[in-house]
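To keep things clear, I will list the structure first and then write my remarks on it.
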Number of protein chains: 2
Amino acid sequence: MDALARSAGQLGHIIRRRRKALGLTQTDLAGLSGVRQELISRIETGHDGARLGTINSLLAALDLEMTVGPRSKSSAADILDAL
Amino acid sequence: MDALARSAGQLGHIIRRRRKALGLTQTDLAGLSGVRQELISRIETGHDGARLGTINSLLAALDLEMTVGPRSKSSAADILDAL
DNA sequence: GTGCTTTATGTGATTAAGGGCATAAACCAA
DNA sequence: TTGGTTTATGCCCTTAATCACATAAAGCAC
């Protein structure tokens, strides 16, 4: 299900988890997304200066999508998920 | 409800809609978020080079949050919302 | 229309992202 | 442990985002 991504660190975690769930290495994802392996490494570990376009390239390659809505509706699952 | 933000343009729309719903001007939001008015203007109109940190500053100031999940579950409401 | 507010855009300076390459560090399997 | 794979970092360079200020262009009330 959807995971909360309020910070760059949380977003990085989501990306990493999904990548591994798909059985991909950072290098594989680099090939799919056009984003370099080194950059993927930095983003997955919480680099908050990444550009929106770069993030979107990764999400698209991982068949993920971003949604935006009002805050403060986080469930326990979301919180655990964000660790 | 949560709105789909697959592109910078969609995200910009969401931000603008929320800002207006809160009765804020771009200058107000600039004060709240620390992001300059000119930049907010560019982001709201679909600037895809914005940094993740900048986007997060705006979302936080607007009391919005981002979630990430698998694609292709868009409802008609999401699609209309994204226009 | 006039005036005021809000939003969009242009320029130059500063700062940082990402490209590109190298390599260290961590992680496994044999 | 040793070797191969995967991930993390360091550096330089080019490009671009953001700052900062100014101003044009819309929008809106009166």
Distance in angstrom units between [X] [atom1] and [N] [atom2], rounded:
{"X": "A:Leu39", "N": "D:dC11", "atom1": "CG", "atom2": "C1'", "value": "15 Å"}
{"X": "A:Leu52", "N": "C:dA17", "atom1": "CG", "atom2": "C1'", "value": "14 Å"}
{"X": "A:Ile55", "N": "D:dA17", "atom1": "CD1", "atom2": "P", "value": "15 Å"}

>> Whether the A:Glu38 and A:Gln26 side chains hold a donor-acceptor pair (N or O, under 3.5 Å, no angle test) is what I'd like checked.
In response: no
> Regarding B:Thr67 and A:Thr67, is there a side-chain donor-to-acceptor distance under 3.5 Å anywhere?
Replying inline: yes
Is the shortest side-chain N/O distance from [X] to OP1 or OP2 of [N] below 4.0 Å?
{"X": "B:Thr54", "N": "D:dA17", "result": "no"}
{"X": "A:His47", "N": "C:dA16", "result": "no"}
{"X": "A:Arg36", "N": "C:dG20", "result": "yes"}

Which pairs, protein N/O on one side and nucleotides 6-8 of chain C N/O on the other, fall under 3.5 Å?
unit_1, atom_1, unit_2, atom_2, d
C:dT7, OP1, B:Arg19, NH1, 2.8
C:dT7, OP1, B:Arg19, NH2, 3.2
C:dT7, OP2, B:Gln26, N, 2.6
C:dA8, OP1, B:Arg16, NH1, 3.3
C:dA8, OP1, B:Arg16, NH2, 2.8
C:dA8, OP2, B:Arg16, NH2, 2.9
C:dA8, OP2, B:Gln26, NE2, 2.8
C:dA8, OP2, B:Ser41, OG, 2.8
C:dA8, O5', B:Ser41, OG, 3.3
C:dA8, N7, B:Gln37, NE2, 3.1
C:dA8, N6, B:Gln37, OE1, 3.2

>> Could you check whether any side-chain N or O of A:Arg71 sits under 3.5 Å from a backbone N or O of B:Leu64, counting only pairs where one atom can act as donor and the other as acceptor?
In response: yes
>> Just verifying a value: how many Å separate B:Leu59 CG and B:Ile15 CD1, rounded to the nearest 0.5 Å?
In response: 5.5 Å
>> Any non-hydrogen side-chain atom of B:Asp2 less than 4.5 Å from a side-chain atom of A:Pro70?
In response: yes
> Minimum heavy-atom separation for B:Ala5 to A:Val68, with atom names?
Replying inline: CB-CG2, 4.2 Å
